[in-house]
**Student:** 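The following block contains the structure, expressed as structure tokens.
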Amino acid sequence: MELTRLRGFQDLIGPQAQTLAYVEQRARALMERYAIGEIRIPLLERIELYQRSTGETSDIVSKQMYTFTDRDEAGSVLALRPEGTPGVVRAYIEAGLDRSDPEQRFFYSGPMFRRERPQKGRYRQFYQFGVEVFGRADPACDAELLIMIDDLRRDLGLDFQIELNSLGDATCRPAFRAALLEYGRQHWDELCRDCHDRLERNPLRLLDCKIDVRLAEQAPKSLDYLCPECRRHFETLCDLLKAAGVQFVINPRIVRGLDYYMRTTFEVTSSNLGSQNAVVAGGRYDGLVEVLGGASVAGIGFAIGVERVALALHAARAPRAQLPRVALIALGDPAVRKATELARALRGLPLQVELLSTQRSLKAQLKRADKIGANYAVIIGPDELARAAAQLRDLGASSQREVSLDRLASELAGGLAH
RNA sequence: GUGAGUGUAGCUCAGUUGGCAGAGCACCGGAUUGUGGCUCCGGUGGUCGAGGGUUCAAGUCCCUUCACUCACCCCA
């Protein structure tokens, strides 16, 4: 086969697709309870949107975007969205909400695209479910988002570890950054090659280093450089989370790779996922709306890695019960006509009804019924049709009895009650 | 972008010093004229990832290449 799927892209078939849908559905249900409305934005944007917000020095913008030149006269360069936040902020400003009604809460759900080397839990098209809140600078808002994540975790029956940090703001971050640069220069000879790069491009990411953990641990911590206001924000957030009973740890090495984060940043991991273990990540981005040409409005958000959560769910256990399933077996054309009609009535009960391939033998059809996991088989042949009846077979108990067609629906509904 | 591991039937894999490509599962049929699962019997199914080389002979040895997986990196 020469026309195969692209590297790092996946076909999600049957149960895999179902688990993703399940995670999305639970998250949607949560949004309803938190009174957060949906926003749907394009998958394609001008490349400049990401350059200005995500940041030229970020890995995402510098080497992971799918871009192409449009066919317009200007030769605009477009990019498949690598993350959701910039598009949501753009839409928010474009709708004039930053001026008319700045306090807004949105959720979005859909695919993102990054051209990375694929591995477990990392794909070139992947699904994010994200939440963005505008116009709320108070720590209660940060707390609410983390509580929301904890609610989802509980709802799915999973174990997540929440790690929290504060990066400071425009007042205190410069001093911290300078201290980190100084530390990096002092220890230049001990740093790994990647860290030499990091120091120049984005010194904060020095803290991400996993090669020499000790060096990263001893590096200056943003928490030690917070200005009084940032400190109060962070402490209030921690208090609120403790009061709400949300488990978390403070990890001074949580640094997000994107330029726009400030103050609160967090990462939520699951232990049964391999090395790509971040299932949720996010943080505060006051100032981003302004950078993209809007008013000065605070913002904060997070994104859930839907297939990573699905993977964790799969590793934990299989979810949800479904409707009882009935296999309809018809023998001969007149019976097929009757069965087609019957299928519709039974689906309305509701039941999962599958009309089996009517060209095949009874034996083959029963075999198929067993294979698809049907609980009941309803068999209609010429004899039954003549008596306006059907054989109702309980495939689990291997018992069978004849039921008149007009009573079949109520028999099935009744039989399923216990 | 870097590294390591793996590519043989739809799936999981075996294949000896180079010597006729196999098993289990799945699928189809039969044993049972209209009754599933269990059992037994039979059958379909192969570019041995691709290309080249060595050899009388290559799934096996050599070179190249591609894909997948995991890790680095990065992140959801």
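All values derive from a computational prediction rather than experimental measurement. What's counted below: heavy atoms across the whole structure, side chains too, no hydrogens, waters or symmetry copies.
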**Student:** For Glu83(A) and for Lys371(A), locate the closest nucleotide of RNA chain B by heavy-atom distance; then report the residue assigned to the nucleotide nearer the 5' terminus.
**Tutor:**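 Its nearest nucleotide lies further toward 5', so the answer is Lys371(A).
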
**Student:** Give Gly373(A) one of three labels, base, sugar-phosphate or nothing, depending on what nucleic acid heavy atoms sit under 4.0 Å from its own.
**Tutor:**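 Since no nucleic acid heavy atom lies under 4.0 Å of Gly373(A), the category is nothing.
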
**Student:** What is the distance, rounded to the nearest whole Å, between atom CG of Asn277(A) and atom C1' of rC70(B)?
**Tutor:**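 It is 15 Å, rounded to the nearest whole Å.
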
**Student:** For rG15(B) versus rG19(B), give the span between their P atoms, rounded off to a whole number of Å.
**Tutor:**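 About 13 Å, rounded to a whole number of Å.
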
**Student:** Counting Watson-Crick and G-U wobble pairs with both distances under 3.5 Å, what is the dot-bracket string for RNA chain B, 5' to 3', using [ ] for crossing pairs and | for pairs to another strand?
**Tutor:** (((((((..((((.....[..)))).(((((.......))))).....(((((..]....))))))))))))....

**Student:** So what does Ala369(A) touch, heavy atoms closer than 4.0 Å: a base, only the sugar-phosphate, or nothing?
**Tutor:**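 Result for Ala369(A) = nothing.
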
**Student:** Roughly how far, to the nearest 0.5 Å, is CD1 of Ile60(A) from CE of Met112(A)?
**Tutor:**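 Reported to 0.5 Å precision, the distance equals 10.5 Å.
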
**Student:** Can you label the angle between the Tyr92(A) ring and the Phe134(A) ring as parallel, tilted or perpendicular, going by 30° and 60°?
**Tutor:**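 Ring orientation of Tyr92(A) relative to Phe134(A): parallel.
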
**Student:** Verify the neighbour count for atom CD of Gln10(A): are there more than 12 heavy atoms of other residues, nucleotides or ligands below 6.0 Å?
**Tutor:**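 Atom CD in Gln10(A) is crowded, with more than 12 foreign heavy atoms closer than 6.0 Å.
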
**Student:** Would you mind classifying the nucleic acid contact of Ile304(A) as base, sugar-phosphate or nothing, using non-hydrogen atoms under 4.0 angstrom?
**Tutor:**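 No contact.
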
**Student:** Determine the interatomic distance between C1' on rG46(B) and the same-named atom on rU8(B); round to the nearest Å.
**Tutor:**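 Each nucleotide's C1' atom is 8 Å from the other's.
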
**Student:** Could you go over nucleotides 3-7 of chain B and give all protein N or O partners under 3.5 Å, atom names and distances?
**Tutor:**
| residue | atom | partner | partner atom | Å |
| --- | --- | --- | --- | --- |
| rG3(B) | O6 | Arg117(A) | NH2 | 3.4 |

**Student:** Tyr123(A) near the nucleic acid: base, sugar-phosphate alone, or nothing, with a heavy-atom cut-off under 4.0 Å?
**Tutor:**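 The answer is base, as Tyr123(A) lies within the cut-off (heavy atoms under 4.0 Å) of a base atom.
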
**Student:** Indicate yes or no: does Glu38(A) engage Arg28(A) in a salt bridge with an N to O separation below 4.0 Å.
**Tutor:**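 Yes, Glu38(A) and Arg28(A) are salt-bridged.
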
**Student:** Return yes if the base of rC73(B) and the side-chain atoms of Arg122(A) contain a donor-acceptor N/O pair under 3.5 Å, otherwise no.
**Tutor:**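 For Arg122(A), whose side chain was compared with the base of rC73(B), there is a donor-acceptor pair (under 3.5 Å).
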
**Student:** Is the number of heavy atoms from other residues, nucleotides or ligands within 6.0 Å of CD (Gln186(A)) greater than 12?
**Tutor:**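 Counting neighbours around CD of Gln186(A), more than 12 heavy atoms of other residues, nucleotides or ligands fall under 6.0 Å, so yes.
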
**Student:** Which listed nucleotide (rC73(B), rG36(B), rA76(B)) is nearest to the side chain of Lys363(A)?
**Tutor:**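 Nearest to the side chain of Lys363(A) among the choices is rG36(B).
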
**Student:** Within this structure, what is the CD1-to-P distance between Ile254(A) and rA76(B), rounded to whole angstrom?
**Tutor:**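 It works out to 11 Å between those atoms.
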
**Student:** Check whether the aromatic ring of Tyr127(A) stacks on the base of rA76(B), taking stacking as ring centres less than 5.5 Å apart and planes within 30° of each other.
**Tutor:**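 So Tyr127(A) does not count as stacking on the base.
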
**Student:** Is a donor on one side and an acceptor on the other found under 3.5 Å between the side chain of Asp333(A) and the backbone of Val336(A)?
**Tutor:**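 Judged by distance alone, no pair lies under 3.5 Å.
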
**Student:** Between Glu144(A) and Tyr34(A), does any side-chain donor sit less than 3.5 Å from a side-chain acceptor?
**Tutor:**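 There is no such pair (donor and acceptor under 3.5 Å, judged by atom type) between the side chains of Glu144(A) and Tyr34(A).
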
**Student:** Considering only side-chain heavy atoms of Asp59(A), which listed nucleotide, rC74(B), rA26(B), rG34(B), is closest?
**Tutor:**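 For the Asp59(A) side chain, the nearest candidate turns out to be rC74(B).
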
**Student:** Between CZ of Arg284(A) and SG of Cys230(A), what distance do you get to the nearest 0.5 Å?
**Tutor:**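 If I round to the nearest 0.5 Å, the distance is 10.5 Å.
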
**Student:** Tell me the interatomic distance from Gln128(A), atom CD, to rC74(B), atom P, rounded to whole angstroms.
**Tutor:**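 Taking CD of Gln128(A) and P of rC74(B), I get 18 Å after rounding.
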
**Student:** Is the phosphate of rC28(B), meaning OP1 or OP2, less than 4.0 Å from a side-chain N or O of Arg360(A)?
**Tutor:**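 Yes, because at least one side-chain N or O of Arg360(A) sits under 4.0 Å from OP1 or OP2 of rC28(B).
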
**Student:** Counting the atoms with a prime plus P, OP1 and OP2 as sugar-phosphate, which does Gln400(A) contact under 4.0 Å by heavy atoms, base, sugar-phosphate, or nothing?
**Tutor:**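 Base contact.
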
